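Below, all heavy atoms of this structure are taken into account, side chains as well, without hydrogens, waters or symmetry copies. The chain is numbered in sequence order, starting from 1. We count ligands from 1, going down the list as the structure has it; atoms in each ligand are counted the same way. This structure is a prediction, so every number in the text was calculated from the model and none was measured.
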Amino acid sequence: MPDKKQVLSDFYYREAKKRGYRSRSALKLLELARRFHIFREGDCVVDLGAAPGGWLQVARDFVGPAGKVIGVDLSGIEPLPFDNVYLVKGDVFDPSVDMKIMEIAGGPVDVILSDLAPKFSGIHDLDHARQIELARSALKLAGRIIRPGGRMVLKLIMGSEFDKFLREARRMFQSVRLYKPKASRERSSEIYLICNGLRCLSNQ
Ligand SMILES: C[S@@+](CC[C@H](N)C(=O)[O-])C[C@H]1O[C@@H](n2cnc3c(N)ncnc32)[C@H](O)[C@@H]1O
């Protein structure tokens, strides 16, 4: 007999499939977007760690045909049937990927999403350290390309570096809230940062 947690987890998997999403993670972003009003119609959005594309689908739904969504991942992503969804295959640590994003965006962006996650080893401290490194690269990119006042959603794996990272995010944004969406597995130590109002700092 599956336990209650497995049944719930399967519920989100089935629900995502039923709604045509490519990942169950899409339901996490959907909840975050509705609860924290992350997107506006016409926004330019960069999605880091975008494969297989569930967050891209949700972001495109919110920004509509007037917006632009740019997905970046090490893995290839099956194209979405919209001409305003752009895909970049590459590593977020590679500066040429930043250049490609900026070229496609054509100016400052409104929102950066980061669901970046390393291949998990099962060793919590190692996975946490790798994930924080990825999240930090997203935060650095935000400092360079989000417009003043812009927004960010970031996944973090809880661990020893969490408080330090949170302070860094709070230094950059006027407001940073923490939230664990219902579709996030209870046993997972992931949490999402919802960052609003990028400050204009000269040393970002
Ligand atoms: C949890 S998945 C993202 C799921 C996605 N949000 C969705 O809803 O479909 C995390 C992704 O981060 C990507 N990733 C990990 N390290 C990366 C890196 N250095 N550069 C780009 N993408 C990376 C992985 O390839 C993986 O596809």
Side-chain angles (χ1 to χ4, degrees), residues 9 12-34 36 38-39 45-63 69-82 85-102 104-105 109 111-124 126-142 144-145 151-158 161 165 179-185 187-195:
S9 150
Y12 288 112
Y13 175 79
R14 283 197 312 272
E15 191 60 22
K17 283 258 171 235
K18 201 166 84 189
R19 297 188 194 194
Y21 289 129
R22 294 178 178 188
S23 65
R24 75 196 285 294
S25 287
L27 295 177
K28 303 178 197 171
L29 182 62
L30 191 60
E31 186 185 349
L32 293 170
R34 286 179 175 157
F36 297 102
I38 288 157
F39 304 109
V45 178
V46 175
D47 179 11
L48 302 173
W55 281 30
L56 291 174
Q57 292 174 291
V58 173
R60 171 58 179 74
D61 280 352
F62 277 93
V63 305
V69 183
I70 305 165
V72 181
D73 205 287
L74 286 173
S75 307
I77 301 172
E78 179 78 20
L80 268 74
F82 300 107
V85 179
Y86 300 81
L87 304 175
V88 177
K89 188 174 178 195
D91 189 328
V92 291
F93 295 116
D94 177 353
S96 74
V97 167
D98 285 17
M99 295 301 293
K100 280 187 198 153
I101 296 171
M102 287 191 253
I104 297 169
V109 309
V111 182
I112 292 190
L113 309 172
S114 168
D115 199 23
L116 284 162
K119 280 210 173 94
F120 288 116
S121 67
I123 304 166
H124 182 268
L126 181 63
D127 293 337
H128 164 68
R130 286 183 175 156
Q131 205 277 329
I132 283 275
E133 217 186 326
L134 287 165
R136 199 163 268 130
S137 80
L139 203 57
K140 283 188 184 151
L141 182 66
R144 291 196 295 276
I145 71 166
R151 287 148 269 141
M152 182 165 201
V153 175
L154 262 166
K155 172 165 70 189
L156 282 189
I157 303 293
M158 299 293 283
E161 284 290 300
F165 189 94
Y179 189 75
K180 190 169 171 69
K182 292 187 181 70
S184 177
R185 291 183 171 91
R187 65 173 186 276
S188 157
S189 60
E190 73 182 12
I191 189 141
Y192 287 83
L193 268 58
I194 300 93
C195 311

Shortest protein contact, atom 24 (C) of ligand 1 (heavy atom only): Asp73 OD1, 3.5 Å

Ser25 N/O to ligand 1 N/O under 3.5 Å: no

Test item, Pro52 contacting ligand 1 (heavy atom, 4.0 angstrom): yes

Heavy atom of the protein closest to atom 3 (C) of ligand 1 (residue, atom name, distance): Gly49 O, 3.0 Å

side-chain contact (heavy atoms from CB on, under 4.5 Å) partner of Tyr192, chosen from Leu156, Asp115, Leu113, Leu154: Asp115

Protein heavy atom at shortest distance from atom 7 (C) of ligand 1: Ser23 OG, 3.3 Å

Proximity of Ala50 to ligand 1 by residue part, where a heavy atom lies under 4.0 Å: backbone

Closest protein heavy atom to atom 6 (N) of ligand 1, given as residue, atom name and distance to 0.1 Å: Asp115 OD2, 2.8 Å

Ligand 1 to Val92 polar contact by distance, N or O atoms, under 3.5 Å: yes

Contacting atoms of ligand 1, where contact means under 4.0 angstrom from a heavy atom of Asp91: 18 (C), 19 (N), 20 (N)

Any Gly90 heavy atom less than 4.0 Å to ligand 1: yes

Min side-chain heavy-atom separation Ile145-Ile112 under 4.5 Å: yes

Close approach, Lys119 and ligand 1, non-hydrogen under 4.0 angstrom: no

Element-labelled atoms of ligand 1 that are located less than 4.0 Å from some non-hydrogen atom of Leu134: 16 (N), 17 (C), 18 (C), 19 (N)

Atom 18 (C) of ligand 1: the protein heavy-atom neighbour that sits closest, reported with distance to 0.1 Å: Leu74 CG, 3.5 Å

Closest protein heavy atom to atom 15 (C) of ligand 1, given as residue, atom name and distance to 0.1 Å: Ala117 O, 3.0 Å

Region of Lys155 engaging ligand 1 - heavy atom pairs below 4.0 Å: side chain

Side-chain heavy-atom pair Gln57, Phe82 within 4.5 angstrom cut-off: no

Under-4.0 Å salt bridge between Arg136 and Glu133: no

Interfacing atoms of ligand 1 (cut-off 4.0 Å, heavy-atom, Gly53): 9 (O)

Salt bridge (Lys or Arg N to Asp or Glu O under 4.0 Å) contacts in which one or both residues fall within residues 50-60, not counting sequence neighbours: none

Contact check, side chains of Val45 and Phe62, non-hydrogen atoms, under 4.5 Å: no

Reported CG-to-CG distance for the pair Leu193 and Leu139, which is rounded to 0.5 angstrom: 9.0 Å

Close N or O approach (Gly54, ligand 1; < 3.5 Å): yes

Protein contact of atom 14 (N) of ligand 1 - nearest heavy atom, named by residue and atom, plus distance: Leu116 CD2, 3.7 Å

Atoms in ligand 1 with a heavy atom of Ser75 nearer than 4.0 Å: 25 (O)

Protein contact of atom 4 (C) of ligand 1 - nearest heavy atom, named by residue and atom, plus distance: Ala51 O, 3.1 Å

Partner residues of Ser188 under the side chain to side chain contact (heavy atoms under 4.5 Å, CB included) criterion, sequence neighbours left out: Lys180, Ser184, Arg185, Glu190

